[in-house]
Amino acid sequence: MATHCKDYDFLEIEPHWQTFWDTNRSFRTTDDTSRPKYYVLDMFPYPSGAGLHLGHCENYAITDILARFQRAQGKNVLYPIGWDAFGLPTENYAVKTGRHPREVTVENVATFRRQLKAIGVSYDFGREIDTTDPRYFRWTQWIWLQLFKKGLAYVEEKPVWWCPALGTVLANEEVIDGVSEVGKHPVERRPLRQWVLRITAYAERLLADLKLVDWPDSTKRMQEAWIGRSEGAELLFKLEHPHLGELKVFTTRPDTVFGVTFMVIAPEHPLADALTTPAQREAVAAYRKQASAKSDLERTDLAKGEKTGVWSGSFAINPANGNRIPVWIADYVIMGYGTGAIMAVPAHDERDYAFAQKFNIPVVQVIEPDHSEGRNGSGNSKLPYTGDGCLVHSEGYSGLPWEEAKKKITADLAAQGRGKATVNYKLRDWLFSRQRYWGEPFPIVWVNPEDYAAATAHAASAGVSLPLPADAVTCVIDGRTRYALPVPEHSLPLQLPEVTSYQPTGTGESPLAAITDWVDIWYDAATGHAAPASGAKPADHYVLARRETNTMPQWAGSCWYYLRYLDPKNDDAIAAPGLIKYWAGPDIYVGGAEHAVLHLLYARFWHKVLFDIGVVPTPEPFAKLFHQGIILGEDGEKMSKSRGNVANPDDIIRSHGTDTLRLYLMFLGPLEAMKPWNPSGIEGVHRFLQKVWRECIGREGEPNPKVVQDPSADSAELLKLLHETIKKVGDDIEGLRFNTAISQMMIFVNALQKSERASLATVLSFLQLLAPFAPHIAEELWARLGGDDSIQSTPWPKFDPAKLVASEQKIIVQVNGKKRAELSVAVGSNQDLVLQLAQAHADSAPFLAGKTVKRVVFVPGKILNIVVE
RNA sequence: GCCCGGGUGGUGGAAUGGUAGACACCAGGGACUUAAAAUCCCUUGGCUGCAAAGCCGUGCGGGUUCGAGUCCCGCCCCGGGCACCA
């Protein structure tokens, strides 16, 4: 079964074993639910045309090592791969070349699959999934319908980030510093009809359940910061002219309400017009126009500079003391957060202070530091002051610590109906539609109100239960109200129509909008059947409908793919309930920290919805998460074509073999650290594998005669080292410290090389330790030395704790904390004995001569520290 | 500005509060060879010294401890994330 090469010819050995694994389907996962399971998952790759890069190799080497190790532990291992294949780059490429995105996708996937096999990863390719496969996205659409049914999806005409270059809108989080995250194109605000998912309804659980998962702390904190919970109060300020009603503000500091000297509303605030007095109309109009024209980039830049704003001409009444305070309009208050209006307390807020300074607005101190020297209740601290303290100038509350006052004032205002304690989140609802072709179509048609009633009644009478929300989702299209009618679940998938052009329409609508026969239809709500509206009405119960032309964003398919691997060919459910229960979630999820917020937050949201409707048994999808650090170029900079510092895996596989590449990637440093690629260092691990080969194989390709059958051939030291190595490699794999596991194997092989003889059993055990890291050479040598079966199906070696115990141990002698001598003593030697030896030892004795011993610290088996004089 | 990481030889990096620099790379010297490659052996943190050995040394300054790369306080620098979030 092995090859016959005399030297370590990795170019022959590696493809040989890859073919062996492929034809034997060595890594097929069975659904043997009686065995303990281990599910190891990589973050979903996007099959780009560029193929695999070193970052992929690092990611997949980590998970492959874990998968192979866990198989050797006797676990039933699920280690799958698939393709997150919808998305903009493919579509843009298709637009440019005039080819169908599907064709491009198939090609890219083939490249990825070939490259993955070439790095020797042990995926079960029989479970491959592809988000663009109708059998897959059928269930993406199904899950989306469940969200729709639960009232978590709605449509809004809202100003969104429109990117002319990409021809699509982008979610807030896809816009960085005023340019698109993908391609860095400028973006602008444009009002468009959008699907939005109510992720904010899950904000509290998304925050609280972070304590259930074993994730890097930094990632948890980033999610916390993104959700941005803050406790405070909504307070109602009456407006001076009663017909204008009230102004609702959100504040985290209701204790400072006596210090309010002005109010600010966002330029887009709905009351902005009504509050503007005739005298101010011109100034306000000019300011609002100017504010709306600002890009995000300008706003960010300006944030560091001057505040801008304009007085509306109106006044509000402070509910705490009845003061009359001016209402300003300024863009440092944003409509998207809180209520879009604030009570400004310049004495205790940096931004309000800067604004008050610029527009000569009075500043009233109401909090005084606890320990200020001049504390006398007069309030004359340096302002703005944002720290702890007690209230001043706050009738009825002065002297109270601010936290106490916060509760009391909130309660008192609430009692008068002037406010209530609330919680606010930075998290926004999730903009979930794109105006592109290459994405999942929404399983929705739009109908008029009468047809909605008729269609739902027809479906009900036909015995079809449509996934209807409690409150119908509506929108206005061309000035007419339309109702969102979901297609029946049994009619899924709703496929993409074939089109001749994928060009964005430029109007903000998707290319789908131009496929008239697909979009404008006669529609049967019970079956989902459609016929072009240009033709005759097929039957009485058909209604005139317009299909939703937006498509889903790329996040959709990656929100639940980890569930599909459990049962990838199931046409009755996203996966069989028994399998979902058995496999639960991934035992470990490995991928880059760049997905710390978005992908992980979105997937958690969908998972919680599935949990709520009883599809999954766990509240969290990813119990344990690990981020591998990125591999930088030789120059310590991010690898990029433009920098010319890209190392190509294919080249390295050709020159050194994939075993060397994998081993070296793991040896570079801690897996989670960001580390530069050093091309000369690879020689070291390559030499290590060459050495392993020579220890096993002689000059003519025969087994090395130094490896003998006699199990007692090993020296005591070698045997001890073997057992230490078994222990350390096992511990280090479980602790994801692969670099030190490899060091230990190098130490072992260095010792093996110096041994004149070694037992076959010892060498085979070592090869098993090496197998997860360098599987091809391990298989080859295992077969050549006569190991049974495949090394992959052999149980992991056990270490014998008795063999780890030495009879002698080294004790370091310190005098006043400085190392002076080394002693070798019998295990269990006591302090008196060791002290005597130390006093007699030539290296340490001179430092003790003529000194008084003040203290002796003895750590058995480690150290003796003698403190003198 | 705020929140996280991280600063150890020429380089990548090791080190449950207990020998700092494991394991490698690079460099230098030697063996084998007609020669080279490959391989093997030796040296390899700095300073002083013929040597034995000694002193210094984990970004900087303090502290705790018998003992600090590791713990605490205050800084500096680098990387990542967030940012007018009321």
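Each chain gets a letter, A, B and so on, in the order its sequence line appears, and its residues count up from 1. Small disclaimer: the values here were computed from a predicted structure and weren't measured. Both backbone and side-chain heavy atoms feed into the values below; hydrogens, waters and symmetry mates do not.
Contact annotation for A:D217: no contact, since no heavy-atom pair falls under 4.0 Å across all strands. Contact annotation for A:D352: no contact, since no heavy-atom pair falls under 4.0 Å across all strands. A:F688 comes within contact range of no nucleotide atom at all, as no heavy-atom separation falls under 4.0 Å. Using a 4.0 Å heavy-atom criterion, one finds that A:D349 contacts no nucleic acid atom at all. Base engagement by A:E822 is indicated by at least one non-hydrogen atom pair under 4.0 Å involving a base atom. The residue A:M745 sits apart from the nucleic acid: no heavy atom pair falls under 4.0 Å. Counting any heavy atom pair closer than 4.0 Å across all strands shown, A:K854 reaches no nucleic acid atom. Heavy atoms of A:S230 sit under 4.0 angstrom from primed sugar atoms or phosphate atoms, though from no base atom.
Pairing partner, B:C40: B:G30, with both Watson-Crick or wobble hydrogen-bond distances short of 3.5 Å. The pairing partner recorded for B:G79 is B:C4, the criterion being a Watson-Crick or G-U wobble arrangement whose two distances lie under 3.5 angstrom. Under the Watson-Crick or G-U wobble criterion, with both distances below 3.5 Å, B:A24 is paired with B:U11. Base-pair partner of B:G57: not found among the strands shown (Watson-Crick or G-U wobble, both distances under 3.5 Å). The partner of B:C50 cannot be assigned: no Watson-Crick or G-U wobble pair with both contacts below 3.5 Å exists in any strand.
Residue A:K638 places its NZ atom among 12 or fewer non-hydrogen atoms of other residues, nucleotides or ligands, all under 6.0 Å distant.
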**OP:** Just do the side chain to side chain donor-acceptor pair (under 3.5 Å) check on A:E594 and A:H599 with the steps written out, would you?
**Re:** CA-CA 9 Å; A:E594 66 272 20; A:H599 158 63; over 6 Å; no

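For the C1' atoms, the distance linking B:C3 with B:U8 amounts to 26 Å, nearest Å. Between B:C25 and B:A14, the two C1' atoms lie 15 Å apart (nearest whole Å). Between B:A27 and B:U33, the two P atoms lie 25 Å apart (nearest whole Å).
The A:S743 side chain lies nearest to B:A22 when the options are B:A22, B:A86, B:C25. Closest to the side chain of A:M746, from the set B:A86, B:A14, B:A24, is B:A24.
In B:G62 the O4'-C1'-N dihedral to the base is more than 90° from 0, which defines an anti nucleotide.
For B:U16, the base has a donor-acceptor partner in the side chain of A:K862 [N/O atoms by modelled type, under 3.5 angstrom].
Between A:W311 and A:F359, the distance from one ring center to the other does not fall under 6.0 angstrom.
Using bins of under 30°, 30° to 60° and over 60° for the plane-to-plane angle, the ring pair A:F766/A:F688 lands in the perpendicular bin.
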